[in-house]
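Here the structure comes first, spelled out in structure tokens, and everything after it is commentary.
Note: hydrogens, waters and symmetry copies are ignored here, and every other heavy atom, side chains too, is used.
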Amino acid sequence: MTGAKPVRVRFAPAPTGSLHVGGVRTALYNWLYARHHGGTFVLRIEDTDAARSRGEWIVGIQETMRWLGLDWDEGPFLQSDRLDQYAAAAGRLLIEGRAYECYCTPEEVKARSDAAMKAGRPPGYDGRCRDLTAADRAARAAEGRPRSIRFRTPDTGISRFDDLVRGEVSVEWSTVSDFVIVRSDDSPVFFLANAVDDAEMGITHIIRGEDLLDTTHRVLALRDALGESMDVRYAHLPLLVGADRGKLGKRHGSVAVEDFRDRGYLPDALVNYLALLGWAPADGREVLTRDEMVAEFDLDRVTHSAAFFDYKKLDWLNGEYIRAMPLDELTVDVLTEATARWGDRVDATTAHEVARIGQERAVTITGLVDQAAFLFETDDEFTMDPQDWDNAVAKTERAPEVLDAVIAHLAPSEWTAERTDVRAPIDALGIKVSKAMPLLYTAIEGHRAGLPLFDSIALLGRERSLARLEAARRRLGSAAEPTTS
RNA sequence: GCCCCCAUCGUCUAGUGGCCCAGGACGCCGCCCUUUCAAGGCGGUAACGGGGAUUCGAACUCCCCUGGGGGCACCA
């Protein structure tokens, strides 16, 4: 253990795309660890790959983290602002012989590596430029060959480190080939920048995905060669996997965090769910506030095996959070989402009513607003789900009579809240109310499952409700004609 | 192919030698409630990958196998 030394952790994403759930989970665990131990959470942007890094992503990553409430204490530090440091480090390694200039092109390296793999030998760089003389180097440079810098890994021995979640991890150096630390355009590679920054920024605990486990030996060796402090602990988190059990990433569908926001998930619910993917509090609770998570979180309870991202459970949790929301807060979310879709047709009073009657069974904000679409759509836009309608018609006995009775019930111009309760006229026909409901839900709201009917009729108003019921009645009239097939 | 990591219900997990013929949650199934239903209540289904070893005793320790995943870039 590192004793009483204050905890300093960092989240260090590459700005090559929007943050996806795996990255957020890593950020979250760092944040939880920092907050639990009263430490410092640093945000560092690893943008040394100029070709793939984009300024807009640097902004986007921060927006996403703010949306999730993952506040950082220092940064964002950009590695592109610190290039001279990496160059100086590489220079030192070169002078001390810990690194060397390599004149092989990436294509050549790959070809030889592939050949080695085919021949059953370990892949990787074959060390061709390891022992070039000054004359050799000058000759290659004169040929106009690109020059990169490679770190010379040990030929023998074993690299070990004690991972906070996995325990001792080791590898034989003979299986690790020399790797590039400076590209031929003089830009630093991940290993170098990472080693330099973690040491210089005084990071005490490096919490990241297991996909980086193998790189740890190289970064640590670099750090050691640089003469930096080796007082740092690593913790490798189990990966998040998609439906095919593969690492969650760009190829596994929509896992960008903005998509969750757009689909109506609450940041607190997403954070809560992500916290549970690879960790569980000792008492087994699953719905936890941030304070509770911070109080309970620690690395010794992080699990070891990859976790499958289960939308069903996220849905359940999101529903729990929606139900726990103050009505006014939910109203704001509904108003915002509905306004984005229907503009000024949406008023605060209606939004409030939608929130009130829909809160109990909502799964997502977007889903709730979807249910309220029938209120904001014009008569032209409104459509009934064809399948729901067909099913409802098929399952409702004497459907035309039911509609006629309900229409007659709602027809009187004196319009009270009680009148929207349409059970009496159906009951008067001797038909089971619950059996007739799907038909009415579909006629009024467009689909079978929706907001409570009576409140919906009241919100829609007498004229529009009657118009929809009459439209349904007309449709029934033609649908009732004998079919030829 | 080589290296590394992992292995409890469909899924997320609890479990650190006896309290486990394995507990919780989501899902699923059934019942109840009920103005449809995606809510709520009650109940149910369902797992320690296989084989050795250690031990009085193994889900928990060790070994082998099998399976899964990750890495093997002038990406991070």
| message | Just to verify, what does A:Phe297 make a ring pair (Phe, Tyr, Trp, His ring centres under 6.0 Å) with, not counting sequence neighbours? | response | A:Tyr29, A:Trp279
Considering Watson-Crick and G-U wobble pairs with both distances under 3.5 Å, what does [N] pair with?
N     : result
B:G67 : B:C6
B:A22 : none
B:G44 : B:C28
B:U61 : B:A53
B:C72 : B:G1

Between [N] and [X], is there an OP1 or OP2 to side-chain N/O distance shorter than 4.0 Å?
X        : N     : value
A:Arg301 : B:G15 : yes
A:Ser113 : B:C72 : no
A:Arg150 : B:C74 : yes
A:Ser434 : B:U34 : no
A:Arg423 : B:U35 : yes
A:Arg323 : B:G40 : yes

| said: Both conditions, 6.0 Å and 45 degrees, for the charged tip of A:Arg150 above the ring of A:Tyr125: are they met here? | reply: yes
| query | Do A:Arg218 and A:Phe151 meet the cation-pi criteria used here (NZ or CZ under 6.0 Å from the six-membered ring centre, within 45° of the axis)? | reply | no
Starting from [atom2] on [N], measure out to [atom1] on [X] and report it in whole angstrom.
X        : N     : atom1 : atom2 : result
A:Trp279 : B:U13 : CH2   : C1'   : 12 Å
A:Lys118 : B:C72 : NZ    : C1'   : 15 Å
A:Leu440 : B:U35 : CG    : P     : 13 Å
A:Leu368 : B:A38 : CG    : P     : 16 Å
A:Lys313 : B:A38 : NZ    : P     : 20 Å
A:Ile61  : B:A76 : CD1   : P     : 14 Å
A:Asp283 : B:A25 : CG    : C1'   : 13 Å
A:Phe308 : B:C9  : CZ    : P     : 14 Å

Students often get this wrong, so: under 4.0 angstrom with heavy atoms, is [X] touching a base, only sugar-phosphate, or nothing?
X        : value
A:Ile149 : nothing
A:Glu286 : base
A:Thr303 : sugar-phosphate
A:Arg52  : base
A:Phe309 : nothing
A:Thr48  : sugar-phosphate
A:Gly278 : sugar-phosphate
A:Phe454 : base
A:Glu320 : sugar-phosphate
A:Leu453 : base
A:Pro106 : base
A:Glu172 : nothing
A:Pro146 : base
A:Ser170 : sugar-phosphate

| remark: Result for 5'-nearest mapping on RNA chain B, choosing between A:Asp211 and A:Phe190, is A:Asp211
| remark: The residue, A:Pro188 or A:Gly284, whose nearest nucleotide of RNA chain B is more 5′ is A:Gly284
Would you measure the distance from the [atom1] atom in [N] across to the matching atom in [M] and give it in whole Å?
N     : M     : atom1 : answer
B:G52 : B:U66 : C1'   : 14 Å
B:U34 : B:C42 : C1'   : 16 Å
B:A22 : B:C65 : C1'   : 25 Å
B:A25 : B:G40 : P     : 13 Å
B:G49 : B:C9  : C1'   : 14 Å
B:U16 : B:U61 : C1'   : 10 Å
B:G27 : B:A76 : P     : 41 Å
B:C19 : B:U45 : C1'   : 26 Å

| said: Can you confirm if the aromatic rings of A:Tyr265 and A:Tyr321 lie within a centre distance of less than 6.0 Å? | reply: no
Suppose we call a contact any N or O donor and acceptor under 3.5 Å apart; does that hold for the side chain of [X] and the base of [N]?
X        : N     : answer
A:Asp214 : B:G70 : yes
A:Glu360 : B:G40 : no
A:Gln359 : B:A39 : no
A:Ser184 : B:C74 : yes

| request: Can you see which heavy atom on A:Met293 is nearest to which on A:Ala275, and at what distance? | output: SD-CB, 3.5 Å
[X] side chain: which of [options] is closest?
X        : options             : result
A:Ala307 : B:U13, B:G70, B:U11 : B:U13
A:Pro123 : B:G1, B:A38, B:G70  : B:G1
A:Met117 : B:C72, B:A76, B:C74 : B:C72
A:Thr175 : B:G70, B:A38, B:C3  : B:C3
A:Ala280 : B:A76, B:C4, B:U13  : B:U13

Salt bridge check: are [X] and [Y] linked by an N-O gap of less than 4.0 Å?
X        : Y        : value
A:Glu107 : A:Lys110 : no
A:Glu108 : A:Arg128 : no
A:Glu143 : A:Arg140 : no

| With A:Arg423, which residues qualify under salt bridge (charged side-chain N to carboxylate O under 4.0 Å, His left out), at least two apart? | A:Asp421
| request: Could you label the plane-to-plane angle of the A:Tyr234 and A:His236 rings as parallel, tilted or perpendicular, counting under 30° as parallel and over 60° as perpendicular? | output: parallel
